[in-house]
Amino acid sequence: MKENKIIFTGPVGVGKTTAISALSDEPPVQTDADASDMTLVRKGYTTVAMDYGVIRLDEETKVHLYGTPGQERFNFMWEILSQGSMGLILLLDNTRTNPLKDLQFFLDAFKELLKTAPLVVGVTKMDIRSLPGVDVYQKYLAQNNFNVPVFEIDARREDDVKQLVSAMLFSIDPGLEV
């Protein structure tokens with residue numbers, strides 16, 4: 001059996017838990033706790049260790065999906081979860097005050113992983129706030145030497161999350177059929 005691992009990361013409330021839940025072939029493992037800090041303004045609970053789900057591409061191939069906690073105080077989990085990862089899916093919340101600052105923060109936080117693993121970016125909540133547009137994210141990434149796919153997604157929609165994972169797998173192996 002071929003085992004693979006993809007990491008989902010991004011700020012609190014961006015949809016990491018929801019995305020993994022939408023895509024996982026098995027009920028996901030979630031480590032949520034009641035929010036007790038500034039996270040409480042955005043939502044009532046938060047991931048404190050990780051989310052975990054799995055998708056089966058075929059009888060021989062599984063992809064493990066790990067979601068990181070969004071709070072910086074849990075960043076020790078980011079490095080642990082990144083070990084052995086084949087790629088990073090970064091979700092950004094377009095309704096946050098400065099989503100480009102969030103983008104740069106996560107590029108910096110995962111710079112070691114990004115030296116060897118591809119990146120795919122999904123922008124959530126664009127239905128609530130349409131600016132900045134996907135083109136702004138792509139331009140920002142290009143200025144920082146990242147030529148990566150950027151998608152507008154709804155983390156609740158399985159097809160949108162599949163698009164992110166498919167783009168990740170295609171960036172690793174352009175001949176792959178998903």
Close side-chain approach of [X] and [Y], heavy atoms under 4.5 Å:
X    : Y    : result
I55  : L65  : yes
I89  : F151 : no
Q104 : D108 : yes
V123 : Y137 : yes
D135 : V150 : no
L88  : I6   : no
L164 : L91  : yes
V161 : I20  : no

Check: [Y] main-chain N/O paired with [X] side-chain donor or acceptor under 3.5 Å:
X    : Y    : result
S21  : T17  : yes
N144 : F146 : no
N94  : P132 : yes
K125 : L92  : no
S171 : M168 : yes
S24  : V54  : yes
R129 : R96  : yes
K16  : L90  : no
S166 : K162 : yes

Test L107 against L141 for side-chain contact (heavy atoms from CB on, under 4.5 Å), laying out the working first.
-> CA-CA 9 Å; L107 292 176; L141 286 158; 4.0 Å; yes

How long is the gap from [atom1] on [X] to [atom2] on [Y], to the nearest 0.5 Å?
X    : Y    : atom1 : atom2 : result
Q163 : I153 : CD    : CD1   : 8.5 Å
T124 : R156 : OG1   : CZ    : 9.5 Å
T68  : N75  : OG1   : CG    : 10.0 Å

side-chain contact (heavy atoms from CB on, under 4.5 Å) between M86 and I172, intermediate numbers included | CA-CA 8 Å; M86 64 190 279; I172 293 166; 3.1 Å; yes

Applying the 4.5 Å side-chain criterion to the ILVMFWY set and letting contacts propagate, would L131 and V14 be lumped into a single cluster?
->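 Per the 4.5 Å side-chain linkage, L131 and V14 are not co-clustered.
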
Same cluster for F106 and F76 if Ile/Leu/Val/Met/Phe/Trp/Tyr side chains link at under 4.5 Å?
->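 They do share one cluster, since a chain of ILVMFWY contacts under 4.5 Å joins F106 to F76.
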
Is the distance between the ring centroids of W78 and Y66 under 6.0 Å?
->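 No, too far apart.
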
Is the CG atom of N147 crowded by more than 12 outside heavy atoms at less than 6.0 Å?
-> no

Looking at every non-hydrogen atom in both residues, tell me the closest pair between [X] and [Y] and how far apart they are.
X    : Y    : answer
L81  : I7   : O-CD1, 3.0 Å
T61  : D58  : N-OD1, 2.8 Å
P149 : A167 : CG-CB, 4.1 Å

In D51, V120, V165, the residue satisfying side-chain contact (heavy atoms from CB on, under 4.5 Å) with F8 is V165

Determine, stepwise, if the pair D127 / D154 fulfils side-chain contact (heavy atoms from CB on, under 4.5 Å).
-> CA-CA 9 Å; D127 57 326; D154 181 332; 5.6 Å; no

Does a side-chain N-to-carboxylate-O contact under 4.0 Å join E26 and K62?
-> no

Salt bridge flag under 4.0 Å for residues R157 and D160 = yes

